[in-house]
K.L.:
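Below you will find the structure I want to go over with you.
So you know, we letter chains A, B, ... as the sequences are listed, proteins then strands, and number each from 1. This is a predicted model, so every value here is computed, not measured.
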Amino acid sequence: MVDLAALDRPAAKGRARPRSMRRYYVLMTQLSLLLTLILGWQWGVSEAQLPYFSRPTLVAAKLMELISQPTIYRHIWVTLQEILIGYFLGAVFGLVLGFVLGRSQFLSDALQPFIIGLYSIPKIALAPVFIVWLGLGMSSKVAVVFLASFFLVFFNTYSGLRAVNEELVRLARLMGASWPQTISRVILPAAADQIFLGLKTAVPYAVIGAVIGEYIGSNEGLGFFILYASQTYDAPALFAGIILLVGIVFAANLGLSHLEGKLIRWKTSSSQAVQI
Amino acid sequence: MTAILGVSPPVYHEVKKPPPAIDFRDVKLTFAGQTDGTLVLGGISFSVRPGEIMSVVGPSGCGKTTLLRLASGLVPPSSGQVWCNGRRVDALNTEVGFVTQDSNLFPWLTALGNVEFPLAVRGVPDKERRERAMHWLELVGLSGFENHYPAQLSGGMQKRVSIIRTLVYEPSVVLLDEPFGALDAQTRMHLHHELLSLWQHQKSTMLFITHDLVEAITLSDTVVVMTRGPGLVKEIYDVPLARPRNVFEIYLEPGFDKAYASLWKHFKHEVQEVLLPGGAL
Ligand SMILES: Nc1ncnc2c1ncn2[C@@H]1O[C@H](COP(=O)(O)OP(=O)(O)OP(=O)(O)O)[C@@H](O)[C@H]1O
Ligand SMILES: [Mg+2]
């Protein structure tokens, strides 16, 4: 038995070192690209262009100045709230509806034309409508964020459920799993990759939704801050605001990836095994 | 009423015989969508005694997998009946365990998680579940691989996990659909040996699909030979080999040659029909 086990041990071990080396090179390349961009920005901007393009050093100084004062935190907090509430609601509704339609052929057939119709509307373009309906406050932005994230989560959940291997579902049932057990132990794990893809793709769209909503009509939030900076030709503040936005998207994605890594441990291993 | 339907009421002799583990009673099957009404199974009748290993051999496409799907209640027969342990199969039959042609492991669970799955859904406590699963993994030479995900296991290892995932919860009837089909000869022999020694101390009923005559003789008490288009039982053959059998030198067991010759006589015709017309291979 011992020799048999040794015979068909997958030859994955030998790859460990080159893989981590490769990751190191990738990281180094990314860092040097970033550095090149920043340096190019720093030295490529002439004095005449300065009011429009600013410079990394000026932007950094502006950022420092901003975070030492309370105003910017209020803007950040407003935008964050819009994103969090809208995204959370969108994700919950998207997951539930995606799940129901993904399992029910009838509902899926019946609702298909409506969903495709809604899908073809660019959600962000509805922002002015929500401003009219819900006013200049936070709720109109929450609505835009909700709509943008809902559709991405919904579609990915839906297609993830459609792609579940029914043979596994039947086998689980044969092995004695009840329907609730089959859902939590087979169907959801089988669709988890796609569901997380939806949750992650929705993050930048949620942020875009909030910011566009604020551009269109508001008196607070990061979008308002950026718009105000552009109207007053304050280029360093403009870029500082954008950097803060990028930071939010980055942190959200990092958090979701972390969650995904905790929930889907098999994925990394299978994607390792697939490589030839 | 029963007489009209052609089903005679059970007759009890002095010694009450246990009902067959699986009983196919004139089962016919046409798949929905096949408008021309071609029969996949054209009236199958045979039964599997409790505790025996029965093999079904037959050419590809004759309906062997379909038989197992009928026995597990995944497909209803178009006419006729399937019975399992004295009860008619008319819904999902959880008394059988099904080892499918492909390994069909849950890719998100480790080898251990896969083997524990049927125990977990049955509410077996954590500790006992782990012990039983580890025991079976050890039996098939997979200790040390319990934390590997299916994608990190070789085909043969996946197959072993898939077999013990079914054996671990000790279903009264185990259906195995060409479980060793894609394996190399050496691994196969090892698994034959393991399967027989597992069966020896568990004594569950096994209905085993294969298209390999030697495998059928090695493992079973009874071999059913099927014909194709539509699937019919051509011959039911009792294997005269004594147990325990040495699977590594099955050719040397007394009676092997005779068993092979008589099975081949029936099987030859079926194989030739497939090979000769198109000459494809
Ligand atoms: N869901 C289905 N719908 C229509 N026809 C089917 C379906 N499943 C199987 N068949 C047909 O039924 C016949 C028997 O199929 P089955 O899978 O039982 O064959 P098999 O004996 O297991 O073959 P193999 O040895 O290649 O696995 C085949 O002709 C196949 O085309
Ligand atoms: Mg088959």
K.L.:
Under 4.5 Å heavy-atom distance to chain A, tell me which part of Phe98(B) shows up: side chain, backbone, both or neither.
P.N.:
both
K.L.:
Both conditions, 6.0 Å and 45 degrees, for the charged tip of Lys123(A) above the ring of Tyr205(A): are they met here?
P.N.:
no
K.L.:
May I ask you to test the Val161(B)-His148(B) pair for a side-chain heavy-atom distance under 4.5 Å?
P.N.:
no
K.L.:
Side chain, backbone, both or neither: which part of Leu174(A) has an atom under 4.5 Å from a heavy atom of chain B?
P.N.:
both
K.L.:
For a quick test of reading the model, state the closest non-hydrogen atom pair linking Asn93(B) to Val89(B) and the distance between them.
P.N.:
ND2-CG2, 3.7 Å
K.L.:
Got a salt bridge between Arg160(B) and Glu194(B), using NZ or NE/NH1/NH2 to carboxylate O under 4.0 Å?
P.N.:
no
K.L.:
Let's test your reading of the structure: which of Ser143(B), Ser72(B), Pro118(B) forms the most heavy-atom pairs below 4.5 Å with chain A?
P.N.:
Pro118(B)
K.L.:
Does any backbone or side-chain atom of Leu105(B) lie under 4.5 Å from a heavy atom of chain A? Answer side chain, backbone, both or neither.
P.N.:
backbone
